[in-house]
Every structure is written in structure tokens, then in C-alpha cells.
Amino acid sequence: MPGTLTPADRLVAWYDRHHRDLPWRVAPRDRRAGIMPDPYRVWLSEIMLQQTSVRAVKPYFAAFVQRWPRVGDLASADETEVLGAWAGLGYYSRARNLKRCAETIAVAHGGIFPDTAAGLRALPGIGAYTAAAIAAIAFDRPEPVVDGNVERVTTRLFAIETPLPRAKPEIGERVAELTPDARPGDFAQAMMDLGATICTPRRPACAICPLNADCAALATMDPETLPRKAPKKEKPARRGAAFVAIDGTGAVYLTRRPDKGLLAGMAQVPTTGWTSRLDGDTTVAAAPFEAAWHRSGTIEHVFTHFSLRLDIFGAELVRRPETAEGWWSPPERVGDEALPTVMKKAIAAAFPDTFRR
DNA sequence: AATCCGGGGGG
DNA sequence: CCCCCAGGATT
């Protein structure tokens with residue numbers, strides 16, 4: 001009955017023809033023949049794909065399954081080796097949780113992955129999204145799988161103009177309504193593939209979209225404007241001062257930031273705290289040592305949760321003063337220091353000829 | 001609810 | 001070059 005074709009039917013039909021061939025996937029025709037993917041590979045890929053592109057994941061996935069073909073192999077592996085194999089992928093707590101999760105499955109589950117979203121959700125490193133994705137893809141559970149791609153597709157499909165993250169509950173309901181009992185795993189993968197290849201953040205390819213006849217946004221507005229995002233709330237403004245000292249050789253005085261907190265362990269030029277309102281006297285008092293400090297401009301930098309305006313003070317010293325905590329970085333080495341962008345800006349503001357990168 | 005974690009890709 | 005992205009854990 002062609003008249004009863006649902007959006008999910010159209011989407012899965014598109015996926016049958018256009019799915020991406022990925023090493024952790026079982027192709028639709030094989031799935032329909034009863035072949036299911038290895039839950040270990042689905043899990044490993046989903047953890048790697050958190051905040052990480054398919055392109056970046058592929059070589060790491062190949063290396064992992066070559067070296068640790070089954071979850072038990074990973075469970076008994078050396079954690080340092082696992083972290084080493086993860087190096088370059090980022091978000092290293094994922095690798096530590098990966099190891100803990102493998103151990104839990106080996107020890108507490110007899111080496112068998114839980115086959116429900118609730119069971120998976122209880123494991124380290126598996127949140128709501130990943131639990132639903134593994135349950136759907138590896139076990140064909142009709143779980144609503146909502147990642148960033150699916151949020152974009154769904155807000156457009158239903159023209160949901162409520163901004164994120166407030167729209168999340170509604171998106172979840174819509175995806176749950178959309179998710180079919182037949183082939184929910186392929187449906188979930190199809191939604192994510194559609195978001196990655198057709199329903200893209202900018203310039204979506206609506207002309208070739210399998211859901212263009214169903215899309216409320218395409219009918220009534222510009223789909224590219226969805227999803228709406230909550231207006232970025234004003235970042236609190238902080239102020240401070242930074243002190244850039246160079247000696248006669250052009251070496252810059254640097255210190256190391258504390259091991260915890262913002263920019264932990266990175267190099268910096270000495271600065272005041274970044275909250276206080278400063279008058280001239282307190283600023284000079286905060287300098288790391290006595291010198292002929294002179295104002296050399298102001299820099300702006302925006303962090304995730306606040307914007308910072310730093311008054312820059314520079315000094316050229318004839319002799320290096322006695323200091324315990326910092327070090328003098330020669331001009332040809334400054335570029336190799338672990339200097340965050342804000343610190344590079346500060347140094348460049350004080351001595352534009354010394355610091356080039 | 002807010003913050004941190006890291007790399008890749010796009011404007 | 002800088003800005004943006006977004007799942008899980010922690011607090």
C-alpha cells in the first residue's frame with residue numbers, strides 16, 4: 001500500500017541505497033538476511049564517535065579491533081597501552097572509561113554486552129545517547145536515538161522553533177514516534193547518515209533529501225535556520241593584567257599554571273587574578289618583580305564562560321631578577337612553549353617583534 | 001545547571 | 001587564523 005508509506009519507510013529505503021560502508025556496520029542487505037553486528041564493534045565505534053568525526057575514528061577503530069579483537073582482550077589489556085592507542089583522539093576519559101567498561105563486561109557480565117538500553121546505560125562511559133544507539137544498532141531495540149545530527153533533522157522535519165536545549169524533550173518525543181518497530185537499527189543509522197550527508201548544518205541538500213516531501217521546515221521556512229539555539233547568554237566580563245618581561249637576549253619570563261582549573265598546567269606570563277576591578281596601584285603591586293613596567297595595550301580573549309580583558313604591561317630588563325618559580329624562554333623557543341592563545345596574544349601585544357608565530 | 005574534556009573542520 | 005561543534009562525567 002504505497003499510500004501508507006511513512007517518513008521512516010522512505011528514510012530506510014534511502015539508507016538501503018545510500019548507506020555509508022563503515023567498518024563497524026553490517027550492510028542493510030546483510031542485516032535483512034539476519035546478520036547482526038558485533039556489539040563490541042558497535043560499542044567501540046560509538047564511544048570513539050562521541051564528539052569525533054567518522055574520518056578521524058576510522059584508523060583508530062581499525063587499530064583497536066586488530067589489537068584487541070574482542071571485549072575480553074580489551075579488558076585484560078594494559079591501561080597504558082590502551083591510552084597510548086587512543087592518543088590523538090582526544091577526550092581521554094573516554095579511553096579510561098572504555099577500559100573500565102570492558103572490565104565490567106568481562107567480570108560482571110560474562111563477556112556478554114547487555115542487550116537493553118537500561119542495561120547499557122549503567123556501564124561506564126555510556127550515557128543516554130550511546131545506550132540507545134547500541135541497543136538500536138546492535139540489538140534492534142526500537143530506542144529513540146538522538147545525537148546532534150538527529151536533533152537537526154528532527155527540528156527541521158517538524159519545524160520545531162523552540163530553541164535548544166529546551167527543545168530536547170519534544171525532539172525526543174518526535175523521534176520516538178518516528179522510530180519504527182521494524183529495522184530500528186537501520187532507521188537510527190539512516191537518521192544520523194542523513195544528518196551527516198544531506199541535512200547538514202549549512203546548505204542542506206534538500207533537493208535530493210528522501211524526506212523533502214515530509215519536511216515542515218522546507219515547506220514553510222528556510223531549513224538552514226534550524227535548529228534554533230538559545231541566545232548565548234552574556235558572558236560575564238572579567239578583567240586583569242598580565243606582565244610580559246624580556247631580558248637582554250629577548251627571552252620571555254614564563255610561569256606554569258596550576259595543575260587544576262582553567263588552562264591547567266599550561267605556560268603563562270604572570271598575571272593578576274581575573275575577576276577583580278583593578279586600579280593602577282594594585283596592578284603594579286601585582287607584578288612578579290620590580291621593573292620599569294610600562295603599559296603596552298590591552299587584549300581581549302573569550303573563553304567558554306567569560307570574556308577577559310587583560311591590560312598588558314611590558315618590561316625590558318638588563319639583568320634577570322632572582323625568581324624561584326618561573327623560567328626564561330629564549331625567543332626561538334617561545335613558539336614551542338605550551339602557551340594558550342590568550343598568552344600568545346599578551347606576549348605579542350607587549351613585544352610584537354619578539355613573538356611571531 | 002554549569003563546567004571541563006581535545007581534536008577536526010568550517011567560515 | 002579563530003570559532004564552533006556536542007556526549008559524558010563531575011560537582
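From a predicted model like this one, the values you see are computed outputs, not experimental measurements.
- Distances shorter than 4.0 Å separate none of the side-chain N or O atoms of A:Arg94 from OP1 or OP2 on C:dG7.
- Side chain to side chain, A:Asn97 and A:Arg94 fail the donor-acceptor criterion of an N or O pair below 3.5 Å.
- Whole-Å rounding puts the A:Asn97 CG to C:dT10 C1' distance at 11 Å.
- Of the options A:Phe113, A:Phe64, A:Phe61, A:Trp24, a ring pair (Phe, Tyr, Trp, His ring centres under 6.0 Å) to A:Trp43 is made by A:Phe113 and by none of the others.
- Nucleotide B:dG6 is matched to nothing when pairs are restricted to Watson-Crick or G-U wobble geometry with both distances under 3.5 angstrom.
- The side chain of A:Gln50 approaches C:dG7 more closely than any other nucleotide in the set B:dG8, C:dG7, C:dC5.
- Closest contact between the side chain of A:Gln51 and the listed nucleotides C:dA6, B:dG7, B:dG11 involves C:dA6.
- Here the P atom of nucleotide B:dG7 and the CG atom of A:Leu49 are 17 Å apart, to the nearest Å.
- Proximity note for A:Ser53 (side chain, C-beta onward) versus C:dA9, B:dG8, C:dG8: the nearest is B:dG8.
- A:Pro201 comes within 4.0 angstrom of nothing in the nucleic acid, heavy atoms only.
- Note on A:Arg41 versus A:Asp38: no salt bridge recorded, every NZ/NE/NH1/NH2 to OD/OE distance being 4.0 Å or above.
- Nucleotide B:dG8 holds its C1' atom 16 Å from the CE atom of A:Met48, rounded to whole Å.
- Using a distance-only test at 3.5 Å, with no hydrogens or angles considered, a donor-acceptor pair links the side chain of A:Ser45 to the main chain of A:Val42.
- Across all strands shown, A:Tyr129 has heavy atoms under 4.0 Å from sugar-phosphate atoms exclusively, and none from any base.
- For B:dG6 and C:dT11, the P atoms lie 15 Å apart once the distance is rounded to whole Å.
- Distance A:Lys168 NZ to C:dA6 C1': 8 Å, rounded to the nearest Å.
- Atom pair A:Lys58:NZ and B:dG7:C1' shows a separation of 18 Å (rounding to whole Å applied).
- Each of A:Arg100 and A:Tyr91 was matched to the nucleotide of DNA chain C holding its nearest heavy atom; the match closer to the 5' end belongs to A:Tyr91.
- Spacing of P atoms, B:dG11 relative to C:dA6, comes out at 14 Å, to the nearest Å.
- Dashed line: the shortest gap from a side-chain N or O of A:Lys229 to OP1 or OP2 of C:dC5 is under 4.0 Å.
- Between A:Glu325 and A:Arg256 no salt bridge is recorded (no basic side-chain N to carboxylate O distance below 4.0 Å).
- In this structure, A:Leu164 places its CG atom 14 Å from C1' of C:dG7, rounding to the nearest Å.
- Distance A:Leu89 CG to C:dG7 C1': 15 Å, rounded to the nearest Å.
- Ion pairing between A:Arg100 and A:Glu103 fails under the 4.0 Å rule for side-chain N and carboxylate O.
- Closest to the A:Arg121 side chain, of the nucleotides C:dA9, B:dG6, C:dG8, is C:dA9.
- Backbone-only engagement by A:Arg55 is indicated by non-hydrogen atom pairs under 4.0 Å involving sugar-phosphate atoms exclusively.
- One can place CD1 of A:Ile126 at 14 Å from C1' of C:dA9, the figure rounded to the nearest angstrom.
- The same atom, C1', is picked in B:dG9 and in C:dG8; the two are 22 Å apart, to the nearest Å.
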